[in-house]
Structures are given as structure tokens and as C-alpha cells.
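Notes follow once the structure below has been shown.
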There are 2 protein chains.
Amino acid sequence: MFSPENRFRDYLKKKGLKFTPERRLILKKVFSLHGHFDADKIYDEMHKKNRKLSRATIYRTFPLLVESNLVKETLRCQKRANYEPVFGYSHHDHLICINCGRVIEFRNDLIEHLQEKVCKKYRFEPLEHRLGIKGYCQKCAGKRQRR
Amino acid sequence: MFSPENRFRDYLKKKGLKFTPERRLILKKVFSLHGHFDADKIYDEMHKKNRKLSRATIYRTFPLLVESNLVKETLRCQKRANYEPVFGYSHHDHLICINCGRVIEFRNDLIEHLQEKVCKKYRFEPLEHRLGIKGYCQKCAGKRQRR
DNA sequence: TTCTAATTGAGAATCAATCGCAATTAGTAG
DNA sequence: CTACTAATTGCGATTGATTCTCAATTAGAA
Ligand SMILES: [Mn+2]
Ligand SMILES: [Mn+2]
Ligand SMILES: [Zn+2]
Ligand SMILES: [Zn+2]
């Protein structure tokens, strides 16, 4: 009963929009990747499995996935917008290696709690937040040292 | 002795680059704004004071300012890259109102400290981080309530 | 089954950012 | 001070991501 597809259907219906084969394919792909993705990733994956579908449709579908709270945009590190699934995953923040691109996900409840306190202090009503720490992962830091 | 201009001069010299009038103007403008800015902001400000200078030069200067640790890129909220001064300002994070665009700066040392602990745990060597909380500022939250 | 508003793909358009190049210039060496 | 040269500039062209336009198609309500 509670699946990304059901939530997406409900959302679309509520908005008077249609659950098309293209939207279903994009949704399936997004949730089968279990990780960060961008428009081109989805485009390539689709075409690899020779299911052609246009970039325009992909770009038009992403905002719907975000609106229905199935995925969210992540911290933009290059120039392309990047997303990750939300449905079925719990909130976390990111450590991003600027050398190899590795992304480490972490969750720290105390940090989360302190953010709430900050918001209260400023009477700010938070909707979402993004915390990204850029630097060198263990492997890449080691390599740098040895140079 | 310690001024943005001196640091910039030193940086440029070390790299064998030149301290041109254009670079000086951009630097001055950046530090006279006391806040966030993007390429167009600088471009417009310059042309308002009818000091013409090309967009290319602005785009070419920003990375130098970042490299010399005078400014840093901030969390990208729209599609343009956005920056803020670092020299002369202490580190802080942001509350961003998605209704009126207001940006509230805050600093929470405990959050900062916890981030370091997270990095240690993953043996991650942090260089910088960005934390942005999006939501409604007091004013805008109030307006929403009353609707 | 019919009907219609929503959707699609293809390519054009947009927008920020980058690039190529000829003319100019900062700043070092003499 | 002058000469030299690599760095810089502005301009326009280009790129790359994203959005838009529009004619043809289709989901899904009636
Ligand atoms: Mn968090
Ligand atoms: Mn911080
Ligand atoms: Zn790494
Ligand atoms: Zn506001």
C-alpha cells in the first residue's frame, strides 16, 4: 500500500495529472538506483536498456517527484542538479570528497536537534536543510600525505 | 597591512599574475557590499557607477578571490553561483526564507564541533562545509498562518 | 467508446558560464 | 626610463544544462 508508486499516483491524481508510462519508468529507475542521481544518469540508464525517452520528460518529471516528497535535490557540487531518494530512506547529511567524488552519508541527531534550536531562536520555520562537508576522504587524504 | 587588497596582491604575485585595475575594482566592490553577491550583482553595480567592465572578467576574477581565501561560494539556492566575503567575517551558516529571500546568518559552535567529531569518526579531512536551512522567516510564517 | 486536457518528443530557445582571439598592459629586467 | 613579454582584457562565439514551443498522442474521466 505504501510504495513510491502509490504515493506518486496519489500525488498526480490530486493535482489532476496523469500517471504515464514515462513517469512510471523514471520513478522505477530512480528507486532502483538506491543513491544519488541526475538527469543524465537517468537518461543514460534508460537508453542503455533501450527504452528511449526524452530529456525533456525527465526534466519535467523531477519537480513532480520532489513535490510529492519522493526525492529531494541534494547539495549541488558540480553544475548539474543532483537528487536522492527520500521515500524509504531516513534523513542524513553528506561528507563529499573533492578528490575522488565519494559521498559518505552520516546522521547526527544532536546536530539535527541543535538546528531546531537555532530555528526556534530566530522564530524560523524550517522546511528542509542541507549540510555538506567537503574535504578529503580517508583514502585521498592518505595519498596527499604521501606526496 | 592586513587587508583584502594586500592578501590579493600577495596571492597574485605568488602565482605570477597581475593586479589589474579591473581586479582591484571587483575586489573593492565585493568588500563594500558587506554581504552575498553574484556575478550579475557586481556587473550591475559597476555599470551603475558607469565603470564598464566585462562579464568575462568578473567570471574570471571570482575563482581568484576564492583561491586566495577572500570570498567563498555559498549554498546555491537559485541557479546562479552566489558568494560571500570571508576575509574579515567569521564563519556562519544560513537560514534562508523561501518566500521573501531573507538570509539570516547564525553561528552555533556546538554544531561546528559536532561536525568535526563526525569527520574524525569517518577519518574525513574537512576543508569547508555548508549548512543551509530553508523555510519561512518569522514574518513570512506569520503571513502564511493568517491565510 | 468518446472526449478533452494533459503529455510527449524533437528541436529551438534561454541562461549562466566559459572560451578564443586580437589588442592592450602590468610589471620585471635592463 | 624603456623595452619586452607573458598575462589580461573585452568582445562575441560557444558550451552545457535546463526550459520552452508546438504538433501529435494518450490517460483516464464520463
Ligand atoms: Mn541534517
Ligand atoms: Mn557551520
Ligand atoms: Zn576521496
Ligand atoms: Zn521571509
Side-chain angles (χ1 to χ4, degrees), chain A residues 5-6 8-30 36-47 49-68 71-83, chain B residues 5-6 8-30 36-47 49-68 71-83:
Chain A
E5 189 167 318
N6 283 326
F8 201 31
R9 291 191 116 102
D10 288 353
Y11 168 80
L12 292 171
K13 171 165 270 183
K14 191 169 39 178
K15 292 275 185 174
L17 305 177
K18 294 169 180 176
F19 187 63
T20 64
E22 290 80 7
R23 286 176 181 165
R24 175 215 274 272
L25 276 167
I26 293 168
L27 180 73
K28 277 202 174 313
K29 181 53 70 185
V30 160
H36 293 212
F37 61 90
D38 60 26
D40 264 30
K41 172 91 175 167
I42 300 298
Y43 183 83
D44 292 343
E45 287 283 328
M46 286 306 188
H47 284 245
K49 301 221 164 61
N50 71 4
R51 180 36 171 105
K52 295 194 201 330
L53 121 144
S54 89
R55 280 205 162 71
T57 300
I58 294 172
Y59 278 110
R60 285 188 284 232
T61 300
F62 282 179
L64 302 175
L65 294 174
V66 171
E67 256 290 296
S68 56
V71 315
K72 70 174 177 185
E73 209 183 322
T74 63
L75 206 63
R76 190 187 283 240
C77 288
Q78 321 77 7
K79 44 187 55 180
R80 306 218 207 112
N82 191 277
Y83 301 82
Chain B
E5 190 166 318
N6 283 328
F8 201 31
R9 290 190 118 101
D10 289 352
Y11 168 80
L12 292 171
K13 171 164 270 185
K14 190 168 38 173
K15 292 275 184 173
L17 305 178
K18 295 169 177 175
F19 187 61
T20 64
E22 290 79 8
R23 286 175 180 166
R24 176 215 273 272
L25 277 167
I26 294 168
L27 180 72
K28 277 203 174 312
K29 182 53 71 185
V30 160
H36 293 210
F37 61 90
D38 60 27
D40 264 30
K41 173 89 175 168
I42 300 299
Y43 183 84
D44 293 344
E45 287 283 328
M46 286 308 188
H47 285 245
K49 303 221 162 60
N50 71 3
R51 178 42 170 101
K52 297 194 200 324
L53 122 142
S54 87
R55 280 205 162 71
T57 300
I58 295 171
Y59 278 113
R60 285 187 283 231
T61 301
F62 282 180
L64 302 175
L65 295 174
V66 171
E67 256 290 297
S68 56
V71 315
K72 69 173 176 186
E73 209 184 321
T74 64
L75 205 64
R76 190 186 282 242
C77 287
Q78 321 79 5
K79 45 187 52 180
R80 307 219 209 110
N82 191 277
Y83 302 82

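The chains referred to below are lettered A, B, ... by the order of the sequence lines, with proteins before strands, and numbering in each begins at 1.
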Item checked: Nearest-nucleotide 5' precedence on DNA chain D, A:Ala39 against A:Lys13 -> A:Ala39
Check: Counting side-chain heavy atoms from CB outward, which of D:dA7, C:dA16, D:dA17 is closest to B:Leu17?
Finding: D:dA7
Next item on the list: Please state how far atom CD in B:Gln78 lies from atom C1' in D:dA17, giving the value in whole angstrom units.
Entry: 16 Å
Note to self: What's the separation between atom NZ in A:Lys79 and atom CZ in B:Arg76, rounded to the nearest 0.5 Å?
What the structure shows: 8.0 Å
Item checked: Closest approach of A:Glu73 to A:Tyr83 (non-hydrogen atoms, all atoms of both residues) -> CA-CD2, 3.7 Å
Next item on the list: Name the nucleic acid region contacted by B:Lys15, choosing base, sugar-phosphate or nothing; use a 4.0 angstrom heavy-atom cut-off, strictly under.
Entry: nothing
Notebook entry, point to check: Do A:Lys52 and A:His47 come within less than 4.5 Å of each other through their side chains, counting heavy atoms only?
Noted result: yes
Check: Please give, in whole Å, the distance from D:dT9 C1' to B:Lys52 NZ?
Finding: 16 Å
Item checked: Whole-Å gap separating P (D:dC11) and CD (B:Glu22) -> 11 Å
Margin query: Can you work out whether B:Arg80 or A:Thr57 has the more 5'-proximal nearest nucleotide on DNA chain C?
Written below: A:Thr57
Margin query: Does B:Arg55 contact D:dG12 through a side-chain donor or acceptor facing the base, at a distance under 3.5 Å?
Written below: no
Next item on the list: Assign each of B:Pro21 and B:Arg76 to its nearest nucleotide of DNA chain C by heavy atoms, then name whichever residue's nucleotide is nearer the 5' end.
Entry: B:Arg76
Check: Is the count of non-hydrogen atoms from other residues, nucleotides or ligands lying under 6.0 Å from B:Lys41 atom NZ greater than 12?
Finding: no
Item checked: Below 4.0 Å: OP1/OP2 of D:dT18 and any side-chain N or O of A:Tyr59 -> yes
Note to self: As a test of reading the structure: which of C:dG9, D:dT18, D:dC11 is closest to the side chain of B:Ala56, going by heavy atoms?
What the structure shows: D:dC11
Notebook entry, point to check: Which nucleotide in the set D:dC11, D:dA27, D:dT18 lies at the smallest distance from any side-chain heavy atom of B:Lys79?
Noted result: D:dT18
Next item on the list: Check whether any side-chain heavy atom of B:Thr57 sits under 4.5 Å from a side-chain heavy atom of B:Thr20, and report yes or no.
Entry: no
Next item on the list: Using side chain to side chain contact (heavy atoms under 4.5 Å, CB included) as the criterion, point out the one residue from B:Leu27, B:Leu64, B:Val30 that pairs with B:Val71.
Entry: B:Val30
Checklist line | Rounded distance in Å - CZ (A:Arg24) to C1' (C:dA6) | finding: 18 Å
Margin query: Angle between ring planes, B:Phe19 versus B:Phe8, binned at 30° and 60°: parallel, tilted or perpendicular?
Written below: perpendicular
Checklist line | Side chain of B:Ala81 - closest among C:dA17, C:dT8, D:dT18 | finding: C:dA17
Note to self: Is there a side-chain contact between B:Thr20 and the phosphate of D:dT9, meaning an N or O under 4.0 Å from OP1 or OP2?
What the structure shows: yes
Next item on the list: State, to 0.1 Å, how close B:Ile26 and B:Met46 come at their nearest heavy-atom pair, and which atoms those are.
Entry: N-CE, 3.7 Å
Check: What nucleotide, of C:dG20, D:dA6, C:dA17, holds the atom closest to the side chain of B:Lys18?
Finding: D:dA6
Check: Counting any heavy atom closer than 4.0 Å, what does A:Arg23 reach on the DNA or RNA strands: base, sugar-phosphate only, or nothing?
Finding: sugar-phosphate
Note to self: Output the rounded distance in Å from CZ (B:Phe62) to P (C:dT18).
What the structure shows: 11 Å
Next item on the list: Mind calculating the distance between CZ (A:Arg9) and P (D:dA29) to the nearest angstrom?
Entry: 11 Å
Notebook entry, point to check: Axis-to-axis angle across the helix from C:dT1-D:dA30 to C:dG30-D:dC1, five pairs an end, to 10 degrees?
Noted result: 40°
Notebook entry, point to check: Between B:Leu12 (CG) and C:dA26 (C1'), how many Å, whole number?
Noted result: 11 Å
Check: Tell me: CZ of B:Arg60 to P of D:dA7, nearest whole Å?
Finding: 14 Å
